[in-house]
Amino acid sequence: MATISDYIGKSARANVEQALERARQHESHHAFLAYTENRALERADRVDAGEISGPLAGVPFVVKDNYLTFGAPTTAASKILEPFQAPLQATVIEKLEAAGAICVGKTNLDAFAHGGSTENSAYGPTKNAVDESKVAGGSSGGSAVATALDIVPFALGSDTGGSIRQPASFNGVIGVKPTYGMTSRYGVVAMASSTDVMGCFTHTAEDAELVLSVMAGKDARDMTTLEDYFTPATSAPQSLRIGLISDFMTDDVDADVREVTSIYADSLRAAGHTVENVNIPSAKYTLAMYYIIVPAEISSNLARYDGIRYGKRSSEAKSLEEVYGKSRDEGFVTENKRRIMIGSFVLSSGFFDAYYQKAQKARTLLINEFNALFEKYDILLCPVSPTPAFGFGENTADPIKMYLSDAMTVAASLAGIPAMSVPAGTSKDGLPIGVQLMAQRKQDALLLSLAKSMEGKS
Amino acid sequence: MTQISRDDVVHLATLSNLQLEESEIESLRADIEKILEYVEQLNELDTEGLEPTYQVTDLENVWRDDSPKEDAADREALLALAPEAQNNSVKVPKVL
């Protein structure tokens with residue numbers, strides 16, 4: 001697998017052409033919704049002419065199609081945004097471009113990032129990088145697969161409840177969700193504003209450090225961003241106190257997943273760290289909190305798709321009411337509608353206190369439990385998802401079954417803490433399995449340096 | 001457990017500005033009921049005396065000047081995104 005340094009100092013045009021050629025060789029995986037070929041080649045020639053330089057000069061990357069970018073439509077894998085040509089680019093895209101990186105394509109996702117398998121894309125699912133009969137995971141499935149197939153050394157995803165970490169685990173690559181507020185959300189199609197985080201897929205922790213150091217920092221256009229605090233560590237962390245979350249190692253979790261996690265814990269011990277079992281009493285309720293809070297925010301954020309200002313209007317619509325109602329019914333997939341309607345329910349008068357307020361109070365409880373653990377432990381360890389990649393259609397009939405795939409990732413999202421998926425082993429059937437590392441808010445550098453120090457040791 | 005009726009689904013669809021096809025209603029009803037049943041397990045948690053958490057940044061009242069940005073998208077580019085535009089305006093069907 002080629003890392004970022006393998007691309008540095010080479011012809012940018014050759015890098016871009018190679019990435020596009022590899023993408024075309026792997027079209028059966030359906031990782032891409034569009035290539036940004038013309039713009040990419042144009043930018044490559046400018047890099048080669050010395051007009052653009054920077055730490056990522058000439059390095060090709062791909063981006064989940066919910067990031068507003070030039071060079072191709074931004075659809076969020078939905079029909080309602082099918083014709084949408086972004087009038088501006090996401091802040092993090094601008095930053096990566098300023099550092100010389102070149103976007104070569106837009107990757108597939110569950111429509112509006114609602115899902116855990118990329119099966120909710122309005123344009124068809126993405127196939128797993130290792131086994132085409134399995135799902136890519138999601139919602140950032142296309143970006144995970146494009147990285148795993150060595151098409152590009154890094155890819156961007158968004159993580160609202162596990163949408164970077166879970167597909168990273170399913171495809172055997174690194175996936176990082178930074179601390180909420182470390183990276184700008186501006187110019188990315190909003191899902192749940194209080195947990196949406198922009199992050200990346202890479203082959204090595206060092207590459208993630210490099211990409212995230214370019215992405216990080218305050219953005220005047222995103223009021224939730226923090227002053228840039230992210231500085232990659234220069235040495236390997238010593239004698240860390242690590243808590244293994246027992247609540248996520250129960251019999252409900254696939255035996256191969258538990259075994260890979262236990263072996264990783266042993267490797268951490270062998271590297272001089274202490275690993276102890278810990279409990280998060282509210283852990284088993286995190287999915288319930290998530291599926292109240294996130295649909296509430298979705299119902300509000302997706303109100304903007306009205307068939308009037310941008311996007312697609314229903315050809316059936318005659319009255320204004322029909323423009324809204326029919327454009328939205330035709331333009332959203334079923335999972336979008338489920339979430340919007342659940343959100344409308346939990347926010348409606350009579351139910352607001354019992355559902356929405358209750359969930360936000362439970363969120364405080366979860367954060368208190370995390371804070372107490374981080375008094376004693378530097379890092380928390382657990383699986384990423386209860387199973388390795390599953391088959392197509394296996395979880396689509398029952399929304400709760402699909403949601404359970406996020407059961408171990410949503411906690412970090414609700415608490416706003418950094419978390420990452422690190423490739424750690426395979427199942428008996430040869431499917432990749434990652435482990436999840438979490439740290440206290442703003443401890444992103446510690447998290448990445450631990451992952452880096454463990455590469456090749458597990 | 002909260003029972004969700006067909007009428008409830010129609011009402012939620014109205015609140016959500018979704019004109020559902022008749023064929024979508026029953027499966028959405030069953031799914032919504034199942035999801036609400038699942039999330040209701042939160043009632044087992046004691047949250048007495050806890051303040052709700054709406055955001056996790058610890059930031060408060062971030063202000064900025066209310067002035068146009070020089071590099072903002074221009075009017076024509078934005079109008080070009082609208083399904084229908086006329087006379088420098090976005091067009092909608094007759095309202096009154």
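The sequence lines fix the lettering, A, B, ..., with proteins before strands; numbering per chain opens at 1.
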(Q) Between L28(B) and chain A, with a heavy-atom cut-off of 4.5 Å, which part of the residue counts as in contact: side chain, backbone, both or neither? (A) side chain
Q. With no hydrogens and no angle check, do the side chains of E51(B) and Q360(A) hold a donor and an acceptor under 3.5 Å apart?
A. no
(Q) Do T225(A) and S184(A) pair up side chain to side chain, a donor and an acceptor below 3.5 Å, judged on atom types alone? (A) no
Q | Proximity breakdown for Q41(B) and chain A, heavy-atom pairs closer than 4.5 Å | A | both
Q) Between L226(A) and chain B, which part of the residue has a heavy atom less than 4.5 Å away: side chain, backbone, both or neither? A) side chain
(Q) Are Y324(A) and L18(B) packed together at the side-chain level, in the sense that at least one heavy-atom pair is separated by less than 4.5 angstrom? (A) no
Q. Between K312(A), E322(A), K361(A), which has the largest tally of heavy atom pairs under 4.5 Å with chain B?
A. K361(A)
Q.
Heavy-atom cut-off 4.5 Å, strictly under: side chain, backbone, both or neither for L404(A) against chain B?
A. side chain
Q.
Just so I understand: if I count every heavy-atom pair under 4.5 Å between each of R221(A), K318(A), E297(A) and chain B, which residue has the most?
A. R221(A)
Q) Any idea which of L15(B), L42(B), V62(B) has the most non-hydrogen atom pairs under 4.5 angstrom with chain A? A) L42(B)
Q. Is the F370(A) ring parallel, tilted or perpendicular to the F374(A) ring (thresholds 30°, 60°)?
A. parallel
Q. In terms of heavy-atom proximity below 4.5 Å to chain A, should T2(B) be classed as side chain, backbone, both, or neither?
A. side chain
**Q.** D306(A), part contacting chain B, at a heavy-atom distance under 4.5 Å
**A.** neither
Q. Is the side chain of D222(A) donor-acceptor paired with the backbone N or O of R185(A) at a distance under 3.5 Å, no angle test?
A. yes
Q | Heavy-atom proximity to chain A below 4.5 Å, by part of L59(B) | A | side chain
Q. Does any heavy atom of chain B fall under 4.5 Å from the side chain of Y290(A), the backbone, both, or neither of them?
A. neither
Q: Between chain B and each of T224(A), L414(A), I400(A), count heavy-atom pairs under 4.5 Å; write down the option with the most.
A: I400(A)
(Q) Taking the side chain as everything from C-beta on, heavy atoms only, tell me whether Y180(A) gets closer than 4.5 Å to T195(A). (A) no
Q) Top residue by heavy-atom pair count (under 4.5 Å) with chain A, among T57(B), V90(B), N17(B)? A) N17(B)
Q: Sort out for me which of L45(B), N43(B), L20(B) touches chain A most, counting heavy-atom pairs under 4.5 Å.
A: L45(B)
Q) Do the side chains of P281(A) and E369(A) get nearer than 4.5 Å, heavy atoms only? A) yes
Q | Proximal component of I4(B), with respect to chain A [non-hydrogen, under 4.5 Å] | A | side chain
Q) Do the ring planes of Y305(A) and Y310(A) sit parallel (below 30°), tilted (30 to 60°) or perpendicular (above 60°)? A) perpendicular
Q. Is the centre of the Y38(B) ring less than 6.0 Å from the centre of the Y291(A) ring?
A. no
Q.
I'd like to verify something: which residue of L78(B), L36(B), D74(B), D46(B) has the highest number of heavy-atom pairs under 4.5 Å with chain A?
A. L36(B)
Q. What residue, out of L88(A), D398(A), V323(A), has the most heavy-atom pairs lying under 4.5 Å from chain B?
A. D398(A)
Q) Around atom CD of E321(A), are there more than 12 heavy atoms of other residues, nucleotides or ligands at under 6.0 Å? A) no
Q: Any chance you could lay out the side chain to side chain donor-acceptor pair (under 3.5 Å) test for Y229(A) and D444(A), step after step, and finish with the verdict?
A: CA-CA 9 Å; Y229(A) 60 83; D444(A) 308 73; 2.7 Å; yes
**Q.** E26(B) side chain near V9(B) side chain, heavy-atom distance below 4.5 Å
**A.** no
Q: Report the option among S27(B), A13(B), A82(B), S16(B) that has the most heavy-atom pairs separated by less than 4.5 Å from atoms of chain A.
A: S16(B)
Q) How about V197(A) and T160(A): do any of their side-chain heavy atoms sit closer than 4.5 Å? A) no
**Q.** Heavy-atom proximity to chain B below 4.5 Å, by part of A359(A)
**A.** both
Q) Given a strict heavy-atom distance threshold of 4.5 Å, which part of P87(A) is in contact with chain B: side chain, backbone, both, or neither? A) both
Q. Where does E24(B) contact chain A at under 4.5 Å (heavy atoms): side chain, backbone, both or neither?
A. side chain
